[in-house]
Number of protein chains: 2
Amino acid sequence: MEELTARQREVLEVILAGVEQEGRFPAMREIAGRLRLSSPATVFQHLEALAAKGFLRRGGGRWSLSPRSRRDRGVPIAGRVAAGHPLTAFEEIDGYLTPEFIGARRGRFSVRVRGESMRDEGILDGDYVVVDPEAEAGDGDLVVAYLGPDQEATVKRLRRRRGGLELHPANPEYGVLRVPRGDPHFRVAGRVVGLLRRM
Amino acid sequence: MEELTARQREVLEVILAGVEQEGRFPAMREIAGRLRLSSPATVFQHLEALAAKGFLRRGGGRWSLSPRSRRDRGVPIAGRVAAGHPLTAFEEIDGYLTPEFIGARRGRFSVRVRGESMRDEGILDGDYVVVDPEAEAGDGDLVVAYLGPDQEATVKRLRRRRGGLELHPANPEYGVLRVPRGDPHFRVAGRVVGLLRRM
DNA sequence: AAAGATACCGAACATTTGTTCGGTAGGCAA
DNA sequence: TTGCCTACCGAACAAATGTTCGGTATCTTT
């Protein structure tokens with residue numbers, strides 16, 4: 001399909017930023033302001049061009065994004081970074097950091113890790129772990145479990161033992177938690193399938 | 001924070017559907033139509049309630065989503081997970097894990113970590129780190145650097161020292177790398193702003 | 001040199017928008 | 001019973017919106 005001009009891409013960029021950050025389609029005079037244009041008519045022409053090329057849709061005096069202008073590619077993952085500037089060629093890209101790559105699926109959720117009990121497995125205080133509640137949690141799996149009457153969430157490694165379960169930390173300063181079979185306050189939320197950290 | 005009534009949630013649902021599928025904030029009469037309401041004034045009241053509870057924002061006669069109501073196909077972050085099934089209501093969600101959450105933006109990229117040299121800071125072999133090439137890398141910052149004639153990428157902590165720079169690992173089994181001032185093969189790719197691990 | 005895009009302007013206009021007002025009705029707690 | 005909250009209505013209005021029109025300037029292509 002047809003390509004966009006540099007200016008048209010700028011206009012689309014402003015629109016996408018508005019939708020992604022504010023959750024609304026910017027008004028023409030708003031777009032004009034951002035691009036230092038003084039007439040909404042100029043923006044109107046750009047929108048018409050973008051619609052003609054399939055990036056926007058028009059319906060009853062209102063504009064909306066078409067599926068093709070939605071960007072879900074995320075950030076490129078550098079495969080082999082050779083000399084010079086990285087990421088100038090497609091061959092050097094292994095993929096993209098997308099929500100799917102992070103582990104976004106229906107039914108999953110995430111919990112913020114508290115404490116240093118899993119430090120030796122590289123899970124630190126403040127990290128976010130992605131939990132799959134539908135994944136079968138077997139012996140040796142990393143899980144999020146709810147403990148005690150307060151249903152406090154904790155991340156530990158699960159061990160199946162005679163008479164019940166054990167939750168193993170990865171830090172010698174913490175002890176193993178033993179859960180007797182049939183403990184009404186114990187519940188495994190799911191298996192940990194990913195981890196995110198902001199720095 | 002305050003809870004939503006059943007009807008208010010329905011209104012928010014219609015708005016979110018509009019933003020996600022069409023990329024625009026639905027007009028009040030549009031929302032009214034979807035919910036079989038005959039007056040925009042009714043919708044207006046709902047929007048005011050949603051704004052008062054922090055789910056929407058109002059600015060100069062226009063409505064937009066607030067960060068807390070955004071769900072852009074990421075992983076929901078469980079705020080307080082009580083007994084029963086988690087994450088059935090908006091109130092229990094603190095936000096969403098997205099690529100942006102760990103710093104993924106335009107101009108940034110990510111690199112897969114090789115080796116165990118940063119193990120004691122919770123960065124393991126196979127992790128992905130997000131790199132900001134434009135961020136100033138100062139003393140003590142975690143950086144990705146390219147070393148030697150092969151321009152091998154490495155993650156280390158940067159230290160400015162007399163006569164040059166040092167790259168410090170976080171693992172006693174590895175040694176400090178000293179980079180003389182003016183080394184033609186040395187280049188800092190950027191500062192590490194986030195981390196992702198798949199398990 | 002002419003033709004055709006692209007990019008922009010300012011003014012004007014009809015429509016749509018958000019917003020206000022007064023009023024009805026049901027549920028629930030004091 | 002009296003309040004208070006939520007939910008809804010229809011009419012009306014000022015403001016913001018999309019849109020049209022005529023016109024200029026700068027490119028590149030024919």
Side-chain angles (χ1 to χ4, degrees), chain A residues 1-66 68-69, chain B residues 1-66 68-69 88-91:
Chain A
M1 201 172 302
E2 290 185 84
E3 301 259 334
L4 291 180
T5 68
R7 199 56 166 159
Q8 284 162 4
R9 174 150 284 125
E10 283 180 28
V11 174
L12 185 57
E13 207 60 50
V14 170
I15 295 169
L16 288 174
V19 173
E20 287 164 12
Q21 289 164 33
E22 307 246 308
R24 70 171 198 224
F25 200 102
M28 291 182 160
R29 286 165 178 86
E30 221 169 326
I31 299 169
R34 287 200 159 274
L35 295 171
R36 255 150 235 159
L37 297 170
S38 61
S39 174
T42 304
V43 177
F44 180 79
Q45 285 180 125
H46 284 305
L47 295 195
E48 272 191 321
L50 285 167
K53 291 177 179 176
F55 290 86
L56 298 181
R57 294 189 165 182
R58 203 192 328 203
R62 317 203 60 208
W63 299 85
S64 59
L65 295 181
S66 80
R68 100 172 269 219
S69 62
Chain B
M1 192 158 330
E2 289 187 82
E3 296 187 8
L4 291 180
T5 68
R7 200 55 167 161
Q8 284 163 3
R9 189 168 302 125
E10 282 180 35
V11 174
L12 184 57
E13 208 60 51
V14 169
I15 295 168
L16 288 173
V19 172
E20 286 163 13
Q21 290 164 33
E22 309 246 306
R24 69 169 200 229
F25 200 103
M28 291 182 160
R29 286 163 178 85
E30 220 169 326
I31 299 169
R34 288 198 160 275
L35 295 171
R36 256 150 235 159
L37 297 170
S38 61
S39 173
T42 305
V43 178
F44 180 79
Q45 285 179 127
H46 285 305
L47 296 195
E48 272 191 321
L50 285 168
K53 292 176 181 177
F55 291 84
L56 299 181
R57 294 190 165 184
R58 201 191 329 204
R62 316 204 60 206
W63 299 85
S64 59
L65 295 181
S66 79
R68 101 174 268 221
S69 62
T88 49
F90 279 109
E91 298 87 62

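None of the values given here were measured: they were computed from a predicted structure. No hydrogens, no waters, no symmetry mates; every other heavy atom, side chains included, goes into these values.
Between W63(B) atom CH2 and F44(B) atom CZ the span is 5.5 Å, to the nearest 0.5 Å. Taking CG of L50(B) as the reference point, atom CG of L4(B) lies at 6.0 Å (rounded to 0.5 Å).
Remark: C1' of dC8(C) and CD of Q8(A) are 14 Å apart, rounded to the nearest angstrom. What separates CD of E10(B) from C1' of dT6(D) is a distance of 13 Å, to the nearest Å. Counting to the nearest Å, the P atom of dT6(C) and the CG atom of L37(A) are 17 Å from each other. Atom CZ in R9(A) sits roughly 12 Å away from atom P in dA7(C) (whole-Å rounding). Whole-Å rounding puts the L4(B) CG to dT6(D) C1' distance at 13 Å.
Between dT6(C) and H46(A), no contact under 4.0 Å exists linking OP1 or OP2 to a side-chain N or O.
A donor-acceptor contact shorter than 3.5 Å is absent between the side chain of E13(A) and the backbone of E10(A).
Using a 4.0 Å cut-off between charged side-chain N and carboxylate O, R57(B) and E22(A) make no salt bridge. Using a 4.0 Å cut-off between a side-chain N of Lys or Arg and a carboxylate O of Asp or Glu, R24(B) and E30(B) qualify as a salt bridge.
Pairing each heavy atom of S66(B) with each of G54(B), the nearest pair is OG-O, 2.7 Å. Summarising the geometry of G18(B) relative to P26(B), their closest heavy-atom pair is CA-CG, 4.3 Å, with the distance given to 0.1 Å. Among all heavy-atom pairs drawn from R62(A) and F25(B), the shortest one is NH2-O, 3.4 Å.
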Here DNA chain D, pairs taken as Watson-Crick or G-U under 3.5 Å and shown with ( ), [ ] when crossing and | when to another strand, reads ||||||||||||||||||||||||||||..
Protein-proximity profile, nucleotides 10-30 of chain C, B/S/- by nucleotide at the 4.0 Å heavy-atom cutoff, equals B------BBBBB---------
